[in-house]
Amino acid sequence: MSQARDDAAFLSRNAVDCLPGGALEDKLGGGRPLRVKLGLDPTAPDIHLGHVVVLQKLREFQDRGHLVVLIVGDYTARVGDPSGRSSTRPQLSGEEIDANARTYQEQAFTVLDPARVEVRRNSEWLDMPMEDLFRLTRTATVAQLLERDDFAKRYAAGTPISILELLYPMMQAYDSVAVESDVELGGTDQKFNLLLGRDVQRAYGRPEQVVLTMPILPGVDGERKMSKSLGNHIGVSEPPEEMYGKTLRIPDTAMALWYDLLLGESLPADLGPRDAKHALARRLVERFHGEPAAHDAAAHFERVVIQRDAPDDMPEHALALNGEPVHLPAVIADAFGLSRSEARRMLGQGAVKLDGTALGADDLDVPGDRLDGAVLQVGKRRFCRLVST
RNA sequence: GGGCGGAUGUCCGAGUGGUUAAAGGAGACGGGCUGUAAACCCGUUGGCUAUGCCUACGCAGGUUCGAAUCCUGCUCCGCCCA
């Protein structure tokens, strides 16, 4: 029993809520591996560091012998979690969902132990007859659903709430019934949905799950929740240099929280903010790409961003030279995915360098022999080597 | 069923006949500065075969020398009353 108490204390550490009090310890005391649920929405197929906070917690459960039930919300994705914003999302095709689900698993497995995961899709059970939907929807009332913070606000403000949106928490809750979850994890913004899972499980005569919520990781802007749609995320499969640079971009004020939530450590007191941030970036890259990549990413940053030199290796851009002068905006546009008008503006702004020499707005046509093998640079970070075909 | 309001560039949002490729803000990008890809300052931000041309203000027509702005029809959305 004291083992259960220790485990419960460990597993609920740095969680915001672990509800109801004592329930986790009771479940752990049952001696049986627990089924720990996490639902992922397969619309945006990228696991980012915000997910990692929760995935790490799942990993801790796995390391103590428990089973993670990963639910791919292929059916709920049709609804879209109504978290504040406009409701309808584009419907995904079966192939897209398959592809996204695969990506998700792959990326989630950078944190989770694949040997202790059960992956399920909620279309397995949510595509139910109307009669079953009646049974499900009878288990909650409108007043209950309107307790949810964002629904309450929208209702008070007179902004529309579709029935479909109201149904979303019900479907998520039913997932818990279907997979017989003992524990469900989520960010604090999921608290309502997770708790509703308990109500619905009870209504179906099942044991109620423990609700464990983790703090929300702020994005690279240091303020808003990390999310792909806000563009303030760092994906776990992003290239090492990106991951490193983006981490360095976070405001100093967010560092302590990142250390805490991602590394499980407190901000090192003996390091200054600059060194602490570099250390953080390095640790994160190391974690997802390994030590050599972390080392290279740090060197790359030092070289490209701080020293402003060209990186060791850069993409090559093939060029057909025939002795004629080459129209530079076209080359820039092709090499970096800009429009030609944009490329001209870059030239005008002194952003384009050829072998380290800045070019100007008048350098529209350049002799071909000047380009072969040269390094073309736009801005501080975009490089490519021009190669004659 | 009735009444009212709306649809503008990546997003938010001004603009009610003519220097409007369309104010302002956000974002993004570029330059400066910096421990930083932060903050701050300055600039850019539809496309192109480029001192000009083309495309753009929900969709389709119409009025006019000229329309994002006026008229007609259509589509979609919101609010209120029942």
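Here is how names work: the chains are called A, B, and so on, in the same order as the sequence lines, proteins then strands, and each is numbered from 1. All values derive from a computational prediction rather than experimental measurement. Worth knowing before you read on, the calculation uses all heavy atoms, side chains too, and leaves out hydrogens, waters and symmetry mates.
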Tell me: [atom1] of [X] to [atom2] of [N], nearest whole Å?
X	N	atom1	atom2	value
A/Lys246	B/A28	NZ	P	11 Å
A/Asn232	B/A28	CG	P	10 Å
A/Phe301	B/U34	CZ	P	15 Å
A/Lys380	B/C29	NZ	P	11 Å
A/Arg274	B/A37	CZ	P	13 Å
A/Arg381	B/U36	CZ	C1'	12 Å
A/Glu223	B/A26	CD	P	14 Å
A/Leu364	B/U51	CG	P	11 Å

Query raised in the report: Do the side-chain N or O atoms of A/Arg382 get closer than 4.0 angstrom to the phosphate oxygens (OP1, OP2) of B/G30?
Result: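 For B/G30, OP1 or OP2 has a side-chain N or O of A/Arg382 closer than 4.0 Å.
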What distance, rounded to whole Å, do you find between the two [atom1] atoms, one in [N] and one in [M]?
N	M	atom1	answer
B/U36	B/U44	C1'	23 Å
B/C4	B/C41	P	48 Å
B/A22	B/A67	C1'	13 Å
B/U8	B/A60	P	16 Å
B/C53	B/U49	C1'	10 Å
B/G15	B/C80	C1'	28 Å
B/U69	B/A14	C1'	13 Å
B/C65	B/G52	P	26 Å

Whether the [X] and [Y] side chains hold a donor-acceptor pair (N or O, under 3.5 Å, no angle test) is what I'd like checked.
X	Y	answer
A/Asp113	A/Gln62	no
A/Lys37	A/Ser176	yes
A/Gln172	A/Gln190	yes

Could you tell me whether [X] contacts a base, only the sugar-phosphate backbone, or nothing, with contacts defined as non-hydrogen atoms closer than 4.0 Å?
X	answer
A/Arg249	sugar-phosphate
A/Asp275	nothing
A/Gly245	base
A/Ile306	sugar-phosphate
A/Glu241	base
A/Arg303	nothing

Can you tell whether the side chains of [X] and [Y] come within less than 4.0 Å, N to carboxylate O?
X	Y	result
A/Glu25	A/Arg5	yes
A/Asp132	A/Arg135	no
A/Glu60	A/Arg64	no
A/Arg35	A/Glu118	yes
A/Glu208	A/Lys27	no

Query raised in the report: Is it true that a side-chain atom of A/Arg206 and a backbone atom of A/Val177 form a donor plus acceptor pair closer than 3.5 Å?
Result: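 Yes, A/Arg206 side chain to A/Val177 backbone: donor-acceptor pair under 3.5 Å.
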Report task. First locate atom CG of A/Leu267, then atom CG of A/Leu280, and finally report the distance between them rounded to the nearest 0.5 Å. Result ->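 Interatomic distance, A/Leu267 CG to A/Leu280 CG, rounded to 0.5 Å: 9.0 Å.
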Query raised in the report: Nearest to the side chain of A/His278, which nucleotide is it out of B/G35, B/A37, B/C33?
Result: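 Per side-chain heavy atoms of A/His278, the pick is B/G35.
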Query raised in the report: Hey, what else clusters with A/Leu195 if you join Ile, Leu, Val, Met, Phe, Trp, Tyr whenever side-chain heavy atoms sit under 4.5 Å?
Result: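 Result for A/Leu195 is A/Leu19, A/Leu194, A/Val211.
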Query - Residue met sooner reading RNA chain B from 5', once A/His327 and A/Leu248 are mapped to nucleotides - result: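 Here A/Leu248 is the residue nearer the 5' end.
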Query raised in the report: Where along residues 334-361 of chain A does a heavy atom come under 4.0 Å from RNA chain B, residue by residue in number order?
Result: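 Contacting residues: A/Ser339, A/Arg340, A/Ser341, A/Arg344, A/Arg345, A/Met346, A/Gln349, A/Ala351.
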Report summary line: Read 5' to 3' with Watson-Crick or G-U pairs under 3.5 Å, [ ] for crossing pairs and | for partners on another strand, RNA chain B gives ((((((((.[[[..)..(.....]]]((((((.......))))))(((...)))...[[[[[..)....]]]]]))))))).
